[in-house]
Amino acid sequence: MKIKSEPHSCFVSPVRLGLLTITCAMLAACAVGPDYQRPTLDVGAVYKEAALANADGQLNKGWVQARADAATLRSDWWVLFDDPVLTNLMHVLQVDNLDIAQAEAQYRQAQALLQSARSGLFPVVGASGSGTRSGGGTQNVGTSGGPSNQYQLGGTVSWEPDLWGEVRRSVEANQAGVQASAADVANVRLSMQSTLAQTYFNLRFADAQQRLLHQTVDVYERSFTTTQNRLAAGVAAQADVEVSRTQLENARAQLLALAWQRAQYEHAIAVLQGLAPSQFSLAETRDVLKAPVVPVGVPAQLLQRRPDVAAAERRTAEANARIGVAQAAWFPDLTLSAQGGFRSAQWAQLLTAPAQFWSLGPALALTIFDGGARQAQLDEARAAYDAQTASYRQTVLTALREVEDYLVQLAVMAQQQAAQGRALAAARESLRLTQNQYDAGLIDYLSVVQVQTTALNAEQSALSLQSDRLAASVFLIAALGGGWNVQQLDEAATPSQPGQPAR
């Protein structure tokens with residue numbers, strides 16, 4: 001009686017293969033760790049200072065629009081000031097500013113880290129080849145004394161299924177990090193734009209002060225000449241001449257001080273443009289700049305428009321994902337590996353069936369005891385999340401405070417500038433009347449000096465207030481996000497081409 005034996009087969013049936021695939025997919029769908037929820041914070045329905053100003057009807061009328069349906073800021077917000085020189089400077093800043101270039105390079109670094117994290121989802125495939133010739137003496141055990149050859153050509157495949165979501169949580173964390181880095185680029189760009197605008201306005205203010213002091217020096221020189229002539233005619237005292245001389249030289253000293261202040265502003269603008277100060281100069285203009293109307297919106301919109309707030313929120317999401325990465329360390333790791341190839345002592349017979357070799361098998365590894373290292377890492381991740389959540393909420397509150405501060409500053413400045421205009425008109429009229437009295441010989445020159453000093457101070461205060469109002473408008477625009485929107489982060493985690501900057 002003969003018994004027919006079936007050859008053993010390592011073939012896996014399609015049913016078993018399908019079940020194995022479904023099982024791995026179900027396991028891979030599991031990701032330990034908490035799912036991210038954006039921290040909540042009550043920001044209020046309207047800005048406090050905007051509401052008070054609008055209720056008054058006079059504080060900030062025509063200078064801010066604090067409504068939910070108000071037009072949003074444009075990304076090229078500087079066009080609101082209607083200054084072509086400033087617009088050209090901003091265009092150069094976008095390309096050549098080194099702080100922006102540094103932030104963009106850091107963004108590309110974050111993109112590379114994200115791509116590195118994503119690579120953990122795929123198997124690692126390798127290939128190897130070798131050829132050796134060996135030999136030994138006749139006394140060596142297992143050798144014939146003659147040389148021998150050994151050729152090998154093979155490949156390996158290794159894959160660690162993401163059973164517990166460690167890799168996916170790492171990808172999630174790095175993706176949030178990329179978005180935070182993109183928001184950092186926007187924040188640096190806005191900061192540089194704001195700094196450039198403020199420096200430019202300070203330079204224009206210095207130009208206006210120089211024009212005022214040049215006019216003042218001309219007036220004082222004529223007064224000094226007149227006083228000398230009156231002294232020669234015997235109708236003025238030497239003290240009047242000395243007072244006039246003192247007044248003239250003080251004005252000249254102020255004019256000289258403005259020269260180095262303007263030069264410093266010009267040097268600062270050059271560096272913002274990515275240039276050496278010797279390579280940049282800015283001619284004087286007589287254009288009169290006015291503070292523009294700034295659309296403010298409502299506090300809830302600020303969370304979508306401030307890049308620093310968006311960066312803090314994305315880093316909170318990153319810290320939350322890191323908790324899942326730390327929790328995954330408590331579970332076993334499964335590694336699937338396969339190896340195959342050809343091995344032969346003769347090159348001509350290398351790629352033949354008898355020279356084949358292969359191996360296939362899973363490996364399961366679990367850490368039993370680590371002295372509390374994994375628990376410490378988990379506790380650290382949770383604490384980092386709590387710290388980042390507090391940082392995010394603090395960033396939101398700081399942003400709200402800044403908007404409120406600049407709203408009330410602009411509102412008060414509107415009233416202050418109106419009052420200063422009335423004071424300036426009165427000072428000019430007082431100077432005219434006093435000068436007429438002096439020319440008629442009714443008063444001494446000391447009385448004229450006092451009124452001239454008051455009038456000069458009023459002129460300088462009016463210029464300073466106008467410059468401060470322009471700067472406050474820039475501060476408010478920056479506090480509102482400068483036309484940026486969080487929707488720009490949707491494409492931030494997409495890998496860019498080498499050298500391509502973040503938007």
Side-chain angles (χ1 to χ4, degrees), residues 36-57 59-81 176 179-194 197 291-317 388-411 414 471-493 502-503:
Y36 176 67
Q37 298 290 333
R38 185 193 302 268
T40 58
L41 187 66
D42 185 8
V43 297
V46 294
Y47 291 109
K48 171 186 175 183
E49 299 301 337
L52 292 176
N54 290 336
D56 188 342
L59 283 179
N60 67 353
K61 183 178 181 180
W63 292 98
V64 298
Q65 298 173 356
R67 304 190 309 272
D69 59 344
T72 58
L73 278 170
R74 296 172 47 173
S75 58
D76 56 345
W77 51 265
W78 49 87
V79 300
L80 295 174
F81 295 93
Q179 293 175 322
S181 183
D184 287 340
V185 174
N187 195 43
V188 171
R189 183 180 290 111
L190 177 59
S191 176
M192 293 300 102
Q193 292 169 350
S194 173
V293 175
V294 180
V296 176
V298 295
Q301 296 173 333
L302 191 65
L303 303 183
Q304 309 297 319
R305 297 178 180 176
R306 284 271 298 229
D308 58 338
V309 171
E313 187 274 329
R314 288 290 80 201
R315 288 194 168 89
T316 305
Q388 190 57 51
T389 300
S391 176
Y392 165 68
R393 288 173 173 161
Q394 183 62 46
T395 303
V396 173
L397 292 178
T398 301
L400 293 170
R401 176 188 60 80
E402 290 177 352
V403 174
E404 297 282 8
D405 286 348
Y406 299 130
L407 281 175
V408 69
Q409 183 177 355
L410 280 171
S473 298
V474 175
F475 284 133
L476 177 60
I477 290 171
L480 293 170
W484 185 83
N485 195 292
V486 72
Q487 294 178 355
Q488 298 179 27
L489 296 184
D490 293 342
E491 301 178 359
R503 293 184 180 180

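We count residues from 1, following the sequence as given. All heavy atoms count here, side chains included; hydrogens, waters and symmetry mates do not.
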Run the side-chain contact (heavy atoms from CB on, under 4.5 Å) test on Leu302 and Val309 for me, step by step, so that the C-alpha distance in whole Å, both residues' side-chain angles and the decisive distance to 0.1 Å come before the verdict. CA-CA 8 Å; Leu302 191 65; Val309 171; 5.7 Å; no
Test side-chain contact (heavy atoms from CB on, under 4.5 Å) on Arg314 and Leu489; report intermediate values, then the result. CA-CA 10 Å; Arg314 288 290 80 201; Leu489 296 184; 4.2 Å; yes
Determine, stepwise, if the pair Arg315 / Tyr392 fulfils side-chain contact (heavy atoms from CB on, under 4.5 Å). CA-CA 8 Å; Arg315 288 194 168 89; Tyr392 165 68; over 6 Å; no
Show, in sequence, the C-alpha distance, side-chain angles and deciding distance for Val474 and Phe81, and conclude whether the side-chain contact (heavy atoms from CB on, under 4.5 Å) test is met. CA-CA 10 Å; Val474 175; Phe81 295 93; 3.8 Å; yes
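For the atom pair CG of Leu400 and OG1 of Thr395, the computed distance is 11.0 Å after rounding to the nearest 0.5 Å. In this structure, CD in Gln37 is found 12.0 Å from OG1 in Thr389, a value given to the nearest 0.5 Å. Here the straight-line distance linking atom OH of Tyr406 with atom CZ of Arg401 works out to 7.5 Å at 0.5 Å rounding. Taking CE of Met192 as the start and CG of Asn187 as the end, the distance is 9.5 Å to the nearest 0.5 Å. Summarising the geometry, atom CD1 belonging to Ile477 is positioned 5.5 Å from atom CG belonging to Leu80; distances are rounded to the nearest 0.5 Å. Distance CD/Glu313 to CD/Gln388: 10.0 Å, rounded to 0.5 Å.
Judged by distance alone, the side chain of Gln304 and the main-chain N or O of Gln301 form no donor-acceptor pair under 3.5 Å. Remark: side-chain polar atoms of Glu404 are paired, donor with acceptor, to backbone N or O of Lys48 under 3.5 angstrom.
Legend: residues meeting side-chain contact (heavy atoms from CB on, under 4.5 Å) with Gln193, ordered by chain and number and at least two apart, are Trp77, Trp78, Met90, Leu93, Gln94, Arg189, Leu190. Partners of Arg393 by salt bridge (charged side-chain N to carboxylate O under 4.0 Å, His left out), not counting sequence neighbours: none found.
Residue pairs meeting the salt bridge (charged side-chain N to carboxylate O under 4.0 Å, His left out) criterion with at least one member in residues 293-304: none, sequence neighbours excluded.
For Arg306 against Ala399, the heavy-atom pair with the smallest separation is CZ-CB, 3.5 Å. Shown here for Trp484 and Ala310, the closest heavy-atom pair between the two residues is CH2-CB, 3.5 Å. The minimum heavy-atom distance linking Asp405 with Val408 is given by the pair O-CG1, 3.1 Å. Of all non-hydrogen atoms in Ala311 and Asp184, the two that sit nearest each other are CB-OD1, 3.5 Å. Smallest separation of non-hydrogen atoms from Ser473 and Leu410: OG-CD2, 3.8 Å.
Counting heavy atoms from C-beta on, the side chains of Val79 and Arg74 come closer than 4.5 Å.
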